[in-house]
Amino acid sequence: MKGTKSNQRMLEKAVHLVFLILGLTAVASVLVITVYLFISGVPAIGKIGIIDFLFGKTWTSTSAEPQYGILPFILTSVYGTAGAVIIGVPVGFLCAVYIAKVAPSGIKSVMSSVVGLLAGIPSVVYGLIGMLVIVPAIMKVFNIPDGASLLAAILVLSVMILPSVIKVSVTALEAVPKEYEDASLALGATKIETYFKVSVPAAKSGIAASIVLGVGRAIGEAMAVMMVAGNVANMPSLFQSVRFLTTAVASEMSYSSGLQREALFSIALVLFLFIMLINAILNALMKRGGNEDEK
Amino acid sequence: MKNTKKIIALVIALVIVAATFAACTGKETDKGANNSKTDKLTGAVSTDGSTSMENVIGALGEAYMAENNGVTFTYNPTGSGSGISAVKEGRCDIGLSSRALKDDEKANGLTETTLALDGIAVIVNPGNAVKDLSIEQIADIYTGKITNWKDVGGSDAEIVVIGREAGSGTRDGFESVTGTKDSCKLRQELTSTGDVITTVSQNTAAIGYASLASVSEKVKAVTVGSVEAAEANVQNGSYVLQRPFVLVTRTGEALSAAAQSFFDYATSEKAAEIISAAGAIPVK
């Protein structure tokens, strides 16, 4: 008996160790990436000057006298993401309410799996469709010479953030205790009144989290926007060709050298800080949601 | 029962860890095998670079593999600048560049071997009435001095100027001939020859430039200073928008046997026919 017990303990420890190692690889990856980005991104900011880098309006990394101002990229990323949220969130939110509360079970299961599929479409496919459908459509509808623009990127991004918004919102809405809704219905409220005045407020932290998740998806997307945005480092304007933070890194990294390459790492660092910020907001929202439930 | 489950979990975990390591080491041994076997002419040749050279290098690669079925040929279309970086950093055997190497690149341990000459076609949408542009007009369009097609004999429409990314060999060739280095005002900056052709084919007001070897029926190549963008005119020099297709290797470093044999094949007279069938002008 004693033998088996100590064997068991040994086994327990071994299992612990293996899982610890596997778990640590994820943590180590994050650490390595963070440290690497800081080490390779900070020197260029020093050389260029943080004001010139963050607030410079001209990016000409390959000309004889290079200028490394990334304000156009930052603003484009911010505007692009904001635009995608403005279009994508209302659609995603209402869709989530429909799936979670209104839809009959047959339609519900079909719609959920379609949303799942939407999440699984590779971003290059979104880009391709944007390039072949949305860009020419914008050109015709607004009667402008070329459709590759911030607007095209916003439209593509707003579809791309739908799955994140819908899935997380649906989960939050479904977690609302049925008693809340029953009470509301018993007091004479209609079903729609109940959904929007009881269920949605009860799920608000989850819905907020879904929006933040969508923001993260939009700001980090490179491939699809690269194919529809035109990629010229202009200050952002709805019908102009623009370059995002992500595409600035992606389009020049392969042939860059010297200070140009270092500056690209600095752009990646700025993008990384944005995403860290978004994650911090997400965590704060999740925590608040948790506390509310405890009350 | 609990015990068995734990054992199973442990075994699975160990297998995952082992598999990860095995995968890593597996790759290394593969590479080793390739290197050691190259004397029997099995192995791999990796090329990386210019998207303009896609047709030429693709045709050469296919023909070469048909003759040497032990060798795997790969081509990574990334753009000339990327190809030059890749060969310099040892990430491929032969770099492909659609511009001549700069002096500082040669000083930094790279050697160029000109494979062929290629024209840069100035392309417009087939629906565009403009048939001929002079070099000055092209330069003015790209620097933003001419912004409407009616100024060069076309319909009243704003010109949509399409260019390539800064590392592109086509862009380098185009801007050096037209004298527009660093002064181009582009509406779109695309990252491959194919993207430029697709975009121009979809927009009647667009103008772009692309390798003559890659131009398809979807777009129309204008004559430059009344000279047609054709192979014969590139060869006799009357079509001025031209640049070389270059194989880039590391100076003083022997290629692997497979890569050397491909290099010899590509620069042989036999390959000339394949190169001209692919739309470029062989130098041999």
Side-chain angles (χ1 to χ4, degrees), chain A residues 4-5 7-8 10-23 25 59-67 127-128 131-133 135-136 139-140 143-149 226-234 239-243 247-248 250-257 260-261, chain B residues 2-3 5-14 16-17 20 48-49 76 78-86 88-89 91 104-105 108 147-149 157-169 171-172 181-191 195 198-199 202-206:
Chain A
T4 50
K5 265 214 170 146
N7 269 351
Q8 247 174 355
M10 284 286 287
L11 194 64
E12 189 99 7
K13 272 188 183 162
V15 170
H16 254 281
L17 191 70
V18 169
F19 282 111
L20 183 67
I21 291 169
L22 291 176
T25 47
W59 173 269
T60 47
S61 58
T62 48
S63 66
E65 281 171 36
Q67 276 183 287
L128 197 66
M131 197 174 174
L132 298 176
V133 179
V135 169
M139 202 169 90
K140 284 210 183 86
N143 197 20
I144 47 173
D146 188 27
S149 57
M226 191 154 160
M227 294 170 80
V228 299
N231 302 326
V232 180
N234 291 324
F239 295 116
Q240 270 298 322
S241 167
V242 291
R243 201 186 279 189
T247 47
S251 61
E252 289 191 17
M253 188 53 94
S254 55
Y255 58 84
S256 62
S257 59
Q260 183 195 5
R261 173 160 287 195
Chain B
K2 262 189 187 171
N3 227 345
K5 267 189 192 164
K6 263 183 202 151
I7 290 173
I8 292 170
L10 181 65
V11 168
I12 291 173
L14 282 176
I16 292 170
V17 174
T20 322
D48 189 319
N76 191 7
T78 53
S80 299
S82 310
I84 293 169
S85 313
K88 195 167 149 198
E89 289 160 19
R91 285 184 278 121
D104 65 315
E105 285 164 345
N108 276 324
T147 56
N148 198 306
W149 281 112
E158 194 184 319
I159 302 177
V160 176
V161 183
I162 312 283
R164 285 285 307 277
E165 85 280 5
S168 156
R171 173 166 169 169
D172 185 85
K181 275 244 151 75
D182 296 342
S183 53
C184 280
K185 291 193 177 61
L186 304 175
R187 182 61 177 72
Q188 281 200 53
E189 201 176 302
L190 302 175
T191 50
D195 280 356
T198 310
T199 308
Q202 285 190 327
N203 191 333
T204 49

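So that the names make sense, note that chain A is the first sequence line, chain B the second, and so on, each numbered from 1.
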Check your understanding: What parts of residues 157-164 of chain B touch chain A if we use heavy atoms and a cut-off under 4.5 Å?
Key -> B:E158, B:V160

Practice item. Name the option with the most non-hydrogen atom pairs under 4.5 Å to chain B; the candidates are A:T25, A:V232, A:I144. Key: A:V232

Exercise for review: Please state whether the side chain, the backbone, both or neither of B:S80 comes within less than 4.5 Å of a heavy atom of chain A.
Suggested key: neither

Review point. Tell me, side chain or backbone of B:S183 under 4.5 Å from chain A's heavy atoms, or both, or neither?
Key: neither

Practice item. Return yes when atom CG of A:N143 has more than 12 non-hydrogen atoms of other residues, nucleotides or ligands closer than 6.0 Å, and no otherwise. Key: no

Practice item. Go through B:Q202 and A:M139 one step at a time and tell me if the side chain to side chain contact (heavy atoms under 4.5 Å, CB included) criterion holds. Key: CA-CA 10 Å; B:Q202 285 190 327; A:M139 202 169 90; over 6 Å; no

Point to revise | Contact leader toward chain B among A:L132, A:T60, A:V135, where contacts are heavy-atom pairs under 4.5 Å | key: A:L132

Review point. Can you say whether A:M227 sits under 4.5 Å from chain B via the side chain, the backbone, both, or neither, judging by heavy atoms?
Key: neither

Study note, to complete from the structure: Those residues at least two apart in sequence (or on a different chain) that pass side-chain contact (heavy atoms from CB on, under 4.5 Å) with B:N148 are B:K150, B:D151, B:D156

Practice item. Start with the C-alpha gap between B:D182 and A:E65, add the side-chain angles, then the distance that decides, and say whether side chain to side chain contact (heavy atoms under 4.5 Å, CB included) holds. Key: CA-CA 10 Å; B:D182 296 342; A:E65 281 171 36; over 6 Å; no

Check your understanding: Looking at residues at least two apart in the chain, or sitting in another chain, which of them share a side-chain contact (heavy atoms from CB on, under 4.5 Å) with A:Q240?
Key -> A:N234, A:S237, B:R187

**Study point:** Contacts of type side-chain contact (heavy atoms from CB on, under 4.5 Å), residue B:K185, not counting sequence neighbours
**Key:** none

**Study point:** Straight-line distance of A:M131 CE to B:L190 CG, nearest 0.5 Å
**Key:** 6.0 Å

Review point. What option among B:A166, B:A205, B:S85 has the most heavy-atom pairs under 4.5 Å with chain A?
Key: B:A166

Practice item. Quick one: closest heavy-atom pair of A:D146 and B:N203, and the distance? Key: OD1-ND2, 3.4 Å

